[in-house]
Each structure stands twice: as structure tokens, then as C-alpha cells.
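Each chain gets a letter, A, B and so on, in the order its sequence line appears, and its residues count up from 1.
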Amino acid sequence: MHASFHLAAELDAALVAAAAAAGLPDHAAFSPEVRTADPRHGDFQANGVLAFAKARKLNPRSVAEQLVGAIPAPVRDRFDLAIAGPGFINFTLTPGALLGWLQAHASVASLRAGAAAAHAGQTWVVDYSSPNTAKQMHVGHLRSAVIGEAICRLLAFTGARVIRDNHLGDWGTQFGKLIYGYKRWADPAALAADAIEELERLYKLGNNATPDGSPELEEARRELVRLQQGDPENVALWRTFSEVSLAAFERIYERLGIRFDHNLGESFYNDKVDRVYRELEDTGIAVVSDGALVVFHPEHPRFKTQPFLVRKADGASNYASTDLATALYRTEHFQAHGIVYVTDFRQADHFEQLFLTVKKWFAARGYRVPELHHVTFGAVTGEDGKALKTRSGDVIRLKALLDEAVDRAYALVSAKSAELPEAERRAIAAVVGVGAVQYADLVQNRSSNYVFSWDKMLALDGNTAPYLLYAVARIHSIFRGAGVSPGDPAVEAAATPPDTPGEIALARKLAKFPDAVRLATESLRPHYLGLYLFELAGDYSSFYAADKVLVDDPAIRARRLLLCARTLLLLQTGLELLGLRTLTRM
RNA sequence: GCGGUGGUAGCUCAGCUGGACAGAGCAACGGUUUUCUAAACCGUCGGUCGCGAGUUCGAGUCUCGCCCACCGCGCCA
């Protein structure tokens, strides 16, 4: 049976064709707007008829009737069609069509092939995590890393070549203070034991010892100048700071399933900012103001007076300089079609100015202008509602958060599954604990702030990773009991169409996976996929409670095993897209 | 002052870019296991969608005004 991957897209195309076939006036302007529907009404719904008819003073219901009458047979055969309300067209998959869709999409490769059209042939650079070196990662660093990685995986799944770039904060005035502190108070034993902890201590000492206007601050500045001029001792120190920091970051990234292609920090662009200054001045985009090189955007209500400061009055670069150089490098060297920046909302102005400047600059020089997206997210705040800041004293270390999550998961798995050997319980706890932290960040719409709370971030029931992982584990358990592998072709060929309410609800949910992926990717909001997976796991759990899989009737058994196999495939694929690992037992 | 984001059930949050009676988790209360993993399932309770106007066949969603919270706005990143 014919079974396109993305059913909503197929219906959209069918309605456009039907509008032409029915000879609707002005049909080229008709946009069906097919989307997933409330299950009470159907699987998909065309909303565009109302607006189209209304604008042309036509009767919406009669337009809908003409469209329905002109829908081609291959579509009509697979959906129950209904016109409802003022002029919605509802499409409900028939049981046979559900079976066809499930049988047709049996592997990750098949899903990927169906989804890959969205970004085929494109290269996307994702700039995420990007911590400052010589500092521990704390809970405030979690969101960028977790959301960024999910976006990378979604883009790759939908066909893009993805370049993961960790734009480290490895350059700037803070290194003068750190070197100042290091040269006076470094403790070799502490460095050997926990280098980054010691560097953080030394930075604090250096920072406290160099108040504004003090001779000590002048000395710290001289250390920075020496570093920038290539003084061997300071360069060697700086290099050590970076290596030590990166090694510590890698241990966190490994636990979160993140592997960067590049760690091109700010220092990498040191020798690339002069070209930025030159081209911005040559094109007249930047001007000198109060000694600094700045960009104004006269067409913008605010940025016509609020400057984008690309070079400081003392001639030094800042993050605007390096971000401009970075955008150019990504466009020229990586041939990026799109660049995604995953940082918190406080940098919204910066990126808006950056994007405006890049577009003008690239257009003036004839460079291709990539798509530029700032993926913002809210801050993680303390109980006082204020953002957690690196310098505000006792911030919670990311490592400590993950450790605590794993500890709590271990206690739970030991209580629930005491019969499992300890090593396996440890392994399960690592997946469940870290997954719970990742999922907690991914299931929430990223734009709102939230107050940090151990209990919230480490919750293990409700809409959380363990709920999804548990559904996966139960499916594996069924296949162990059945003695067949998920996706066994002989079993699936014997399947009959879904029949019970539980089977049908689950099958209908499965067929909407493409919409969830599309929505999450287009909007760069992974929580849409997270919510879908939660609903899918819920439908599976209801089905599981209502309909026993391993029954004697071979046809019923086969179709339920098909549903189990496909739920497993989509849950595993979806969780992997979010950056989570899965389990076969828990 | 200008601008950004947010304000939805007791708590934490969704709400697919304007669609059908506003949803979920937690909490509270009640029920389900001699049957594939009860980390589950089923049910009950619970909302002036911050406030007020407006646009629309239709508004939690768009426009305007106001209130509250957090944040940004020239040499930190």
C-alpha cells in the first residue's frame, strides 16, 4: 500500500491539487493549512478553507464540499473524510491505512529518509554550550548544552550536515587577572588534584586583588598585554588553562552525549578581526564614535541610537568583533547555510545587532548571507528570582547536579528492581539520572525562566525521562517474552489492521511522528518532540494496560507486536534525537 | 525612559504560530495486579487564560492601553 511518510504534507498537496481540479476561483492562492487535529475530530484537519472562502465571499462549506469531491482516490481510500463546523475538513486514517503506514516505516533509515528533505544538501553550524575556560560549568550552562545538542540532532536527522562548534570564552581581560593570581598564589598540589577548581580559586584571588584604579590592576593588564604580544611564559600558561578546562568540560559532555566537531574559541579569531574592521569601515557600515568603532542601524527604532560596539576605543576587540569574524569564518570556511546560536535571552540585543550587521556587511561584499537564528532560552534563577551568576558565590556545579541525579536514580532503581545486579543498577541509574536532567530542560518551552530546584530538576515521575524509558523497557520485555526481535518481518507481514480503541489510538499517535519532528525542527524548539514522545508513551501505556500483546490468536498477536515494535522505534529514535540514551531493562 | 521575555488549575508547566467545549504532570481523594515490568493504568477534584478595550465567523493566541516579575540598553562576555 502507498504510505507517504509525512501524511499532513501529503494531504496538503492533495488539497492544493483538488482546488485546481475543482476549478475553484483563484485556487492558486489557496493554502489548505493541514495540521494534526484533536483526536476527537480526526487525525488531520484542513483549516485553510474558512479563510480562503471568507476572503472571496464564498460559502465555506460548499467550498469544502467541492474540495472533498475532487480529492484523488489514493487519498480518499485511506482516510475517512468529514466536513465539520463552519468548514473544517477532517481526515481520519482508516485502520487499513494505519497498518500500511506502520508496515512501511520499519527502520530508523526509513524515518530518516522520510524526514531528510527539510535540510537536504545544507550545512548548519550550531554554536552552543560555549563556556568560559578556567571556570567550572554550573547549572546555568546546562540549557545551552542540552538544547543545542537536541537541535543538532534534529537538524542532522532532517538532512543537514551539522557542525557542532563550541565557541569557548577563552580570551579576554579575565586572563590578565588569572595570570596575575596564578603567578602569586598557584598551589601545585591543588593543580594536580583538581586543576579547574584551583584555577577558579586563583581567578577569584586575582580578581579581588585588582580593584578598579589600583596599581595591581595595572599589573594584571600588563600580564594581558604580554599574553597578547606572545610572551612565551604567559602563552604557555594560557594554553594550559585551555587544555585543563577542555578536559574538564569533556567529562561533562561525555555524560550528556555531546561531542563537538570544533572548539574554536574566541582566541581562534584573534588574527581575523582586522579584516572585520577593515571591511566594515570600507563599506561605511561602521563608524568611529568616541574613539570606538561602532555600527548604528538607522532603520531600526532602537539601534539607530544604541550602538553595536565592534572595537573598543583602546583598539582591543570584544565579543562583537569575534562574533562577526566567527560568522564570516563559518560562512566561508564551512559554507554554512544556517548558523544557530544557543544562548540565553539576555543576549537578544547583541544577536539582533549582530545579525543586522552581518546581513548588511555580507550583502555589501557579495558574500552569501546565511540564515541566522538566535535560539534563546530563559535563565535558571535562584530562589530570589535573580539569575544564577558565575561570580555570585555558591553556584551549583553541573557535575554535582548530574551526580545527584544519578544517586537519586540509583536509590529508586534499587528499590524498584532489587533483583538486578548492582553493576546493572548503576548503569541504569546513569541513564535515568542524566536523562531526567536533560529531559527536564527539553520538555519545557525554552523561552521562560525557571527557578532552580533539585526536586524539580530531578523529579522521576510524571512527564519525565523515566516514564519514557520505562515504556521502552516494557516493550523490550515483551519481545524477550515473545522470543522474537522487534521488527521481525514475518511477524509484521502477518499483522492485521489495528482494531481495539487502545490499538487505534496508539497507531494514530505513531503516524504523527513526522509532524512532531517537523515542528520541533522548524521552530528550533525540541520540547515539541518531547511532548509528543510523552503522549506517545502515554498512549502506549494505556494500550499496554488494556490489550495483552502475547495472546494466542496469531493475527492479534502479530498486529500488537507490530505496534510494540513501532512504538519502540519511534520512542528510541525520538529520545536519541533529544540526546537521551535508552535502556532495555530497568 | 526605550526595548525584550514572561504572567494559564493549589504548585510546575503545555497549548502546534487565529480554529471546534482551555490540557498535562505534581499534590489531594478513590479504584485496578493469580495474566507480557504497578517507575504503570482508570477515575474524581480543581481555571475571570494578569486587568480593560478592540479586530475577527472565531482570540489564551493578533492590536492598543494599563499592572506585576525578570532581563538588556557605549568600551564585560
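In this structure, A:Ser289 reaches the bases: a heavy-atom distance under 4.0 Å links it to at least one base atom across the strands shown. In this structure, A:Val294 reaches the bases: a heavy-atom distance under 4.0 Å links it to at least one base atom across the strands shown. As judged by a 4.0 angstrom heavy-atom cut-off over every strand, A:Tyr450 is placed among residues touching the sugar-phosphate backbone only. Residue A:Ala516 is out of contact with every strand shown, counting any heavy-atom pair closer than 4.0 Å. Residue A:Asn90 is classed as a base contact, given a heavy-atom separation below 4.0 Å to a base. A:Leu469 comes within 4.0 angstrom of nothing in the nucleic acid, heavy atoms only. Using a 4.0 Å heavy-atom criterion, one finds that A:Asn318 contacts the sugar-phosphate atoms exclusively.
A:Ser447 and A:Asn445 share a side-chain donor-acceptor pair at under 3.5 Å. Between the side chains of A:Tyr544 and A:Arg474, no donor-acceptor pair is found at a separation under 3.5 Å. Side chains of A:His297 and A:Glu352: no donor on one and acceptor on the other come within 3.5 Å.
Look at A:Arg35 and you'll find a side-chain N or O under 4.0 angstrom from OP1 or OP2 of B:rG19. OP1 or OP2 of B:rA14 lies within a sub-4.0 Å distance of a side-chain N or O belonging to A:Ser448. Using a 4.0 Å cut-off, some side-chain N or O of A:Asn445 falls inside it from OP1 or OP2 of B:rG15. Taking side-chain N and O atoms only, A:Lys456 has no distance below 4.0 Å to OP1 or OP2 of B:rC26. The side chain of A:His527 places an N or O atom within less than 4.0 Å of a non-bridging phosphate oxygen (OP1 or OP2) of B:rG15. Close to B:rG23, at under 4.0 Å from its OP1 or OP2, lies a side-chain N or O of A:Arg40.
Ion pairing between A:Arg508 and A:Asp539 fails under the 4.0 Å rule for side-chain N and carboxylate O. No salt bridge links A:Asp344 with A:Arg143; every basic N to acidic carboxylate O contact stays at or beyond 4.0 Å.
To the nearest whole angstrom, the two C1' atoms, one in B:rU61 and one in B:rG23, are 15 Å apart. Taking the P atom of each, B:rU35 and B:rC26 are spaced 25 Å apart, rounded to whole Å. Comparing the C1' positions of B:rU12 and B:rC2 gives a spacing of 33 Å, expressed to the nearest Å. The same atom, C1', is picked in B:rC71 and in B:rA39; the two are 39 Å apart, to the nearest Å. Between B:rG7 and B:rA14, the two C1' atoms lie 15 Å apart (nearest whole Å). Between the C1' atoms of B:rC57 and B:rG18, the separation comes to 12 Å (whole Å).
Here CZ of A:Phe175 is found 3.0 Å from OG1 of A:Thr133. Values are rounded to the nearest 0.5 Å. Between the CG atom in A:Leu67 and the OG atom in A:Ser62 there is a gap of 9.5 Å [rounded to 0.5 Å].
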Run the side chain to side chain contact (heavy atoms under 4.5 Å, CB included) check on A:Thr521 and A:Tyr528 step by step: do they pass? CA-CA 9 Å; A:Thr521 308; A:Tyr528 283 119; over 6 Å; no
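Looking at the side chain of A:Arg346, the nearest of the listed nucleotides B:rG72, B:rG19, B:rA77 is B:rG72. Side-chain proximity of A:Leu309 to the nucleotides B:rG4, B:rC75, B:rA77 is greatest for B:rC75. For A:Phe534, counting side-chain heavy atoms from C-beta on, the closest listed nucleotide (B:rG25, B:rG19, B:rC75) is B:rG25. Distances from the side chain of A:Lys54 to the nucleotides B:rA14, B:rC57, B:rC75 place B:rC57 closest.
The aromatic rings of A:Phe534 and A:Tyr467 are tilted relative to each other, their planes meeting at an angle between 30° and 60°.
Taking atom CZ on A:Arg143 and atom P on B:rU5, their separation rounds to 16 Å, with Å as the unit. Atom-to-atom, NZ of A:Lys512 to P of B:rC16 comes out at 16 Å; the value is rounded to the nearest Å. If you measure from atom CG of A:Asn132 to atom P of B:rA77, you get 10 Å, rounded to the nearest angstrom. If you take CG of A:Leu50 and P of B:rA59, they are 13 Å apart, rounded to a whole angstrom. Spacing between atom OH of A:Tyr528 and atom P of B:rC13 amounts to 17 Å, rounded to whole angstrom units. Summarising the geometry, the separation between CZ on A:Phe513 and C1' on B:rC16 is reported as 16 Å, rounded to the nearest angstrom. In this structure, A:His6 atom NE2 and B:rC16 atom P are separated by 16 Å, rounded to whole Å. Rounded to an integer number of Å, the gap from A:Asn47 CG to B:rG18 P is 11 Å.
Under the Watson-Crick or G-U wobble criterion, with both distances below 3.5 Å, B:rG72 is paired with B:rC2. B:rC62: Watson-Crick or G-U partner is B:rG54, with both key distances under 3.5 Å. Both distances falling under 3.5 Å, in either a Watson-Crick or a G-U wobble arrangement, occur for no nucleotide opposite B:rG18. Both distances falling under 3.5 Å, in either a Watson-Crick or a G-U wobble arrangement, place B:rU12 opposite B:rA24. Remark: B:rA40 base-pairs with B:rU32. Criterion, Watson-Crick or G-U wobble with two distances under 3.5 Å.
Judged by closest nucleotide on RNA chain B, A:Thr36 is the one of A:Thr36 and A:Gln347 placed further toward the 5' end. Mapping A:Gly169 and A:Ile89 onto RNA chain B by nearest heavy atom places A:Ile89 at the nucleotide closer to the 5' end.
Cation-pi geometry between A:Arg311 and A:Tyr277 is met: under 6.0 angstrom from the ring centre, within 45 degrees of the axis.
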For nucleotides 35-46 of chain B, which of its nitrogen or oxygen atoms have a protein nitrogen or oxygen under 3.5 Å away, and what is each distance?
unit_1	atom_1	unit_2	atom_2	d
B:rU35	O2'	A:Lys548	NZ	3.0
B:rC36	O2	A:Val549	N	3.4
B:rC36	O2	A:Leu550	N	3.1
B:rC36	N3	A:Val549	N	2.9
B:rC36	N4	A:Tyr544	O	2.6
B:rC36	N4	A:Asp547	O	3.2
B:rU37	OP1	A:Ser477	OG	2.1
B:rU37	OP2	A:Ser477	OG	3.1
B:rU37	O2'	A:Tyr470	OH	2.7
B:rU37	N3	A:Met586	O	3.2
B:rU37	O4	A:Met586	N	3.3
B:rA38	OP2	A:Arg474	NH1	2.5
B:rA39	OP2	A:Lys416	NZ	3.2
B:rA40	O2'	A:Arg474	NH2	2.8
B:rC41	OP1	A:Tyr467	OH	2.4
B:rC41	O3'	A:Ser542	OG	3.4
B:rC42	OP1	A:Ser542	OG	2.8

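Classification of B:rU17 as syn follows from a glycosidic angle within 90° of 0.
Where stacking is scored as ring centres under 5.5 Å apart with planes under 30°, A:His41 registers as stacked on the base of B:rA20.
Counting atom types as modelled, A:Gln45 pairs a side-chain N or O with a base atom of B:rA20 as donor and acceptor under 3.5 Å.
Checked against the 6.0 Å centroid criterion, the rings of A:His350 and A:Phe308 qualify as a close aromatic pair.
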